[in-house]
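For reference, positions follow the sequence shown, starting with 1.
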Amino acid sequence: QEKTEWMFARLMYPVHPQARFSRRGFGFGGGDWRQGGTSWSQDYPRADRHFAQALRRLTRLHVRSVEQPVNLDDGDDAFNWPWLAAGEMGDWKLTDAQVVKLRDYLERGGFLYLDDFWGPEEWARFDESMHEVFPDRPIVEIENGDAIFHSVYDLDDRYQILGQWAINGGQRDRWVGTKAQWKGIYDDHQRLMVAMSFNSDVGDSWEWADDPVYPEKFSALGIRIGVNFVMYSLTH
């Protein structure tokens, strides 16, 4: 219940009918997205809490230790949380009302970080909802010189971050042959409203940072990316 400067707010969302996990006949938490089911809860809450702990150690931010799930259908609650993050973006499918709410949230100054979606099929499902949120704003590559890559750490040397599921060669059809891309959507003042790590799993680099089997190089970069993105969102 401590009042803090920042907290990890995780965006809840309904599942796409063609999502990977839907096609396999199961969902996280039993399948009801409003009760923690389906893909939005991937990495939750371990990644959220590990990253919050890292942010407390690496910055002077007053960070809440416990995450905040956010449902866009819950009145105006989303506007209480200036940072939102979500993963498994190839699985989301926003409703018309959620599209309107998310656009309003971002245009008022909110920041959204999207992670862990791979290849053209997942991109196409992701873009169904993203294009509805901003039909008139392109998704572009974030240039190396952008402030988001230099707000705390200089991150010109960014490489693909593999998930724990890929370390021993798992799900090869999902990631083999892909290349990490760092994309975003800007507002009229060239502020990044939405930042994306496409073909990388930064969430796993937070979630498994305490696992000696998970490569340190992925957590080292993933945590620094997260720190930069948070500090950018607070200063832009």
Side-chain angles (χ1 to χ4, degrees), residues 10-29 33 37-44 46-48 50-51 84-94 102 112-134 138-142 144 148-149 155 157-185 192 194-209 211 213-215 217-226 228-229:
R10 181 172 287 273
L11 178 65
M12 305 166 66
Y13 58 78
V15 69
H16 194 287
Q18 296 300 314
R20 292 183 307 119
F21 293 106
S22 293
R23 294 201 303 270
R24 294 177 186 178
F26 67 91
F28 300 106
W33 71 273
T38 71
S39 301
W40 75 261
S41 59
Q42 178 79 296
D43 301 338
Y44 165 90
R46 275 174 53 90
D48 314 42
H50 285 175
F51 179 62
L84 285 177
E88 294 283 352
M89 303 321 302
D91 287 357
W92 77 339
K93 180 63 175 174
L94 298 182
L102 185 57
L112 176 63
Y113 172 49
L114 304 176
D115 178 48
D116 191 12
F117 53 126
W118 303 73
E121 183 180 338
E122 292 187 32
W123 178 270
R125 291 197 300 270
F126 154 76
D127 197 43
E128 284 183 35
S129 289
M130 197 74 256
H131 184 72
E132 290 181 3
V133 175
F134 286 125
I139 298 172
V140 299
E141 293 285 338
I142 305 174
N144 280 342
I148 201 166
F149 293 134
L155 299 177
D157 182 21
R158 300 180 305 280
Y159 43 83
Q160 186 174 52
I161 297 174
L162 294 182
Q164 184 268 351
W165 46 272
I167 295 305
N168 293 320
Q171 300 185 43
R172 293 180 61 84
D173 60 325
R174 192 182 188 204
W175 63 272
V176 170
T178 63
K179 180 181 178 181
Q181 298 180 45
W182 314 93
K183 295 177 175 289
I185 300 175
L192 268 171
V194 185
M196 311 164 199
S197 45
F198 179 52
N199 293 330
S200 279
D201 192 346
V202 173
D204 263 23
S205 77
W206 302 340
E207 180 179 8
W208 300 99
D211 188 331
V213 175
Y214 186 77
K217 69 174 185 177
F218 293 145
S219 290
L221 177 60
I223 289 171
R224 284 167 172 78
I225 286 171
N228 272 29
F229 284 16

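- The backbone N or O of W33 sits less than 3.5 Å from a side-chain atom of W40, completing a donor-acceptor pair.
- Rounding to the nearest 0.5 Å places CE of M196 at 14.5 Å from CG of D116.
- Residues P17 and K93 share a closest heavy-atom pair of CD-CG, 4.4 Å.
- Taking CG of L102 as the start and CG of L112 as the end, the distance is 6.0 Å to the nearest 0.5 Å.
- Summarising the geometry, atom CE belonging to M130 is positioned 13.5 Å from atom NZ belonging to K183; distances are rounded to the nearest 0.5 Å.
- Using a 4.5 Å cut-off on side-chain heavy atoms (C-beta onward), L221 and L155 make contact.
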Problem - Evaluation steps, side-chain contact (heavy atoms from CB on, under 4.5 Å), between W123 and Q181 - result: CA-CA 12 Å; W123 178 270; Q181 298 180 45; over 6 Å; no
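- In this structure, CG in L162 is found 11.0 Å from CG in N168, a value given to the nearest 0.5 Å.
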Exercise for the section: With side-chain contact (heavy atoms from CB on, under 4.5 Å) as the test, would you mind laying out the steps for W208 and H50 before giving the verdict? Expected result: CA-CA 9 Å; W208 300 99; H50 285 175; over 6 Å; no
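- Residues D43 and W206 fail the side-chain proximity criterion, which asks for heavy atoms closer than 4.5 Å.
- Inter-residue side-chain proximity for I167 and P215 is flagged as met; some heavy-atom pair is nearer than 4.5 Å.
- In plain terms, the two heavy atoms of A209 and I223 that are nearest each other are CB-CD1, 4.4 Å.
- Comment: E141 does not engage R158 in a salt bridge, judged by the lack of any side-chain N to carboxylate O separation of less than 4.0 angstrom.
- Put simply, the side chain of S200 never gets that close to the backbone of A180: no donor and acceptor are under 3.5 Å apart.
- A side-chain donor-acceptor contact under 3.5 Å links S197 and Y113.
- The two residues S129 and L94 come nearest to each other via the heavy atoms OG-N, 3.0 Å.
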Practice task
Assess whether side-chain contact (heavy atoms from CB on, under 4.5 Å) is satisfied between E121 and Q18, documenting all intermediate values.
Solution key: CA-CA 10 Å; E121 183 180 338; Q18 296 300 314; over 6 Å; no
Practice task
Start with the C-alpha distance between I185 and V133, add both sets of side-chain angles, then the distance that settles side-chain contact (heavy atoms from CB on, under 4.5 Å), and finish with yes or no.
Solution key: CA-CA 11 Å; I185 300 175; V133 175; over 6 Å; no
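- Panel note: side chain N199, backbone K179; a donor-acceptor pair is recorded below 3.5 Å.
- A donor-acceptor pair under 3.5 Å links the side-chain atoms of S219 to the main chain of S205, judged by distance alone.
- Under the 3.5 Å distance criterion, with hydrogens and angles disregarded, no donor-acceptor pair is assigned to the side chains of D201 and W175.
- With D91 contributing its side chain and S39 its backbone, the two residues share no donor-acceptor pair below 3.5 Å.
- Taking 4.5 Å as the limit, some side-chain heavy atom of Q171 sits within range of a side-chain heavy atom of D173.
- The shortest side-chain heavy-atom distance between I139 and H131 does not fall under the 4.5 Å cut-off.
- Minimum heavy-atom separation, F51 to G226: CZ-C, 3.3 Å.
- Ring geometry for F229 versus F149: interplanar angle of 30 to 60°, hence tilted.
- The aromatic rings of W118 and W165 lie perpendicular to each other, with more than 60° between the two planes, well past the 30° mark.
- The side-chain heavy atoms of H16 and F126, taken from C-beta on, include no pair separated by under 4.5 Å.
- Using a 4.5 Å heavy-atom threshold, the side chains of E207 and Q164 count as separate.
- The shortest distance between side-chain heavy atoms of Y13 and E88 falls below 4.5 Å.
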